[in-house]
2 protein chains.
Amino acid sequence: MSSADVTHAWGAFQRMRTQLAGRIYRELARSTGLSEPDFEVLFTLDAEPDKTLRSIDLRCALDWEKSRLSHQLRRMTERGLVTRETCTTDGRSTIIVLTAAGIETITAARSCHEAAVSRYFGEVLNTEQLAAINQIATLVLDRLATD
Amino acid sequence: MSSADVTHAWGAFQRMRTQLAGRIYRELARSTGLSEPDFEVLFTLDAEPDKTLRSIDLRCALDWEKSRLSHQLRRMTERGLVTRETCTTDGRSTIIVLTAAGIETITAARSCHEAAVSRYFGEVLNTEQLAAINQIATLVLDRLATD
DNA sequence: GTGAGATTGTTGACGCGTCAACTAAAAATT
DNA sequence: AATTTTTAGTTGACGCGTCAACAATCTCAC
């Protein structure tokens, strides 16, 4: 496990990620008008039974900086994908609600996204390789967590 | 190889990448003041014997949009890391030259970057796992290339 | 209850990334 | 040689991401 092996694998990993995400989210943007962060926000809200989350819970689910979410929600509100409503139980909080337009958009986007992930990622890899990714991700994330 | 397996592996991959890059480049920024794109530009120039590349060659090496490189070089020029010089053989081209300050910066940054990649990535994975990453990246990149 | 500190969220500044429109020079076509 | 096309690079607008500063609300010790 030489240093050159690590560098090489790191380079391959970076190239794959860049190209893959670039392709998937370019296709998504062209077919649905959604960016990657748009998609993540709508996807997370759509998974809730009432299509609603408190801002703080959305933030935790996405693991985003608070200002990042704030800026993102401002833009998405202006486009009519979500609305902000006041929270009655906690004056600091905001409730984020998926609009009808938001639901329609994410429904179309989900299948487009799934198709792209399947095509460029899922179809290319076998069960062992998918398992290897899970294992590797677990090891790396554990290391990051324990620092 | 169910659809759920693919979705799960994709999620693990995305989480790993986000956390890993976030950590590595946050450390790099704190110790050297360089962003990820700063590092990539300096690293590529530093690999040249004369610390110099034509803008177009730098663009190909990085696989960046032309406007992206143009904006990046403007900021880096203002900070004194590189300079632009006119190309005598092709009036359209620009020569990008690493300054003394740029060389000093990338020299420190390289070891910082290597240490972080090793610590959070190389040390955690064994030879088989590094090989698996190379194999997976090759498969995915091939698929993207053939579309 | 009151005041200290933590939690939730917004804003502004600035770097980053893409797209489209543009300039200028080289290459190819005629 | 003149015209067209391709190539190299810049610019401006706008979305994205982080940081630091700020405001408002809640919590809890007292």
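Chain identifiers are assigned alphabetically (A, B, ...) following the order of the sequence lines, protein sequences preceding nucleic acid strands; residue numbering begins at 1 within each chain. No hydrogens, no waters, no symmetry mates; every other heavy atom, side chains included, goes into these values.
Looking at residues 93-107 of chain A, you'll see A:S93, A:T94 sit with a heavy atom under 4.0 Å from some atom of DNA chain C. Residues from residues 45-60 of chain B that place a heavy atom under 4.0 Å from any atom of DNA chain D, listed by number: B:S55, B:I56.
Rounding to the nearest 0.5 Å gives a distance of 9.5 Å between CG of B:L45 and NZ of B:K51. Here the CG-CD1 distance, from A:L34 to A:I106, works out to 6.5 Å after rounding to the nearest 0.5 Å.
A rotation axis mapping the C1' atoms of four pairs onto the next four is fitted at both ends of the helix from C:dG1-D:dC30 to C:dT30-D:dA1 over five pairs, and the angle between these axes is 20° to 10 degrees.
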Using nucleotides 15-18 of chain C, report all nitrogen or oxygen pairs with the protein that are shorter than 3.5 Å.
{"unit_1": "C:dC16", "atom_1": "OP1", "unit_2": "B:S35", "atom_2": "OG", "d": "2.6"}
{"unit_1": "C:dC16", "atom_1": "OP2", "unit_2": "B:R75", "atom_2": "NE", "d": "2.3"}
{"unit_1": "C:dC16", "atom_1": "OP2", "unit_2": "B:R75", "atom_2": "NH2", "d": "3.2"}
{"unit_1": "C:dG17", "atom_1": "OP1", "unit_2": "B:R68", "atom_2": "NH2", "d": "3.1"}
{"unit_1": "C:dG17", "atom_1": "OP2", "unit_2": "B:R68", "atom_2": "NE", "d": "3.2"}
{"unit_1": "C:dG17", "atom_1": "OP2", "unit_2": "B:R68", "atom_2": "NH2", "d": "3.1"}
{"unit_1": "C:dT18", "atom_1": "O4", "unit_2": "B:H71", "atom_2": "NE2", "d": "3.2"}

When you compare the protein's N or O atoms with those of nucleotides 22-25 of chain D, which come within less than 3.5 Å of each other, and at what distance?
{"unit_1": "D:dT25", "atom_1": "O3'", "unit_2": "A:G91", "atom_2": "N", "d": "3.4"}

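Judged as a side chain to side chain contact (heavy atoms under 4.5 Å, CB included), and not counting sequence neighbours, the contacts of B:T94 are B:S55, B:R84, B:I96. Here A:V117 pairs with A:I24, A:H113, A:F121, B:V6, B:W10 under the side chain to side chain contact (heavy atoms under 4.5 Å, CB included) rule; sequence neighbours left out. Residues that satisfy the side chain to side chain contact (heavy atoms under 4.5 Å, CB included) test with A:T99, not counting sequence neighbours, are A:T83, A:A101. Scanning for side chain to side chain donor-acceptor pair (under 3.5 Å) contacts around B:E36 gives an empty result, with sequence neighbours left out. Here A:R143 pairs with B:E123 under the side chain to side chain donor-acceptor pair (under 3.5 Å) rule; sequence neighbours left out.
Taking atom CZ on B:R74 and atom C1' on D:dG9, their separation rounds to 13 Å, with Å as the unit.
Residue A:I95 is found in a hydrophobic cluster whose other members, listed by chain and number, are A:V97; membership requires side-chain heavy atoms under 4.5 Å apart, directly or through intermediates.
The list of side-chain hydrogen bond (donor to acceptor under 3.5 Å, both in side chains) pairs with a residue in residues 59-70 of chain B, not counting sequence neighbours, reads A:Q19-B:D63.
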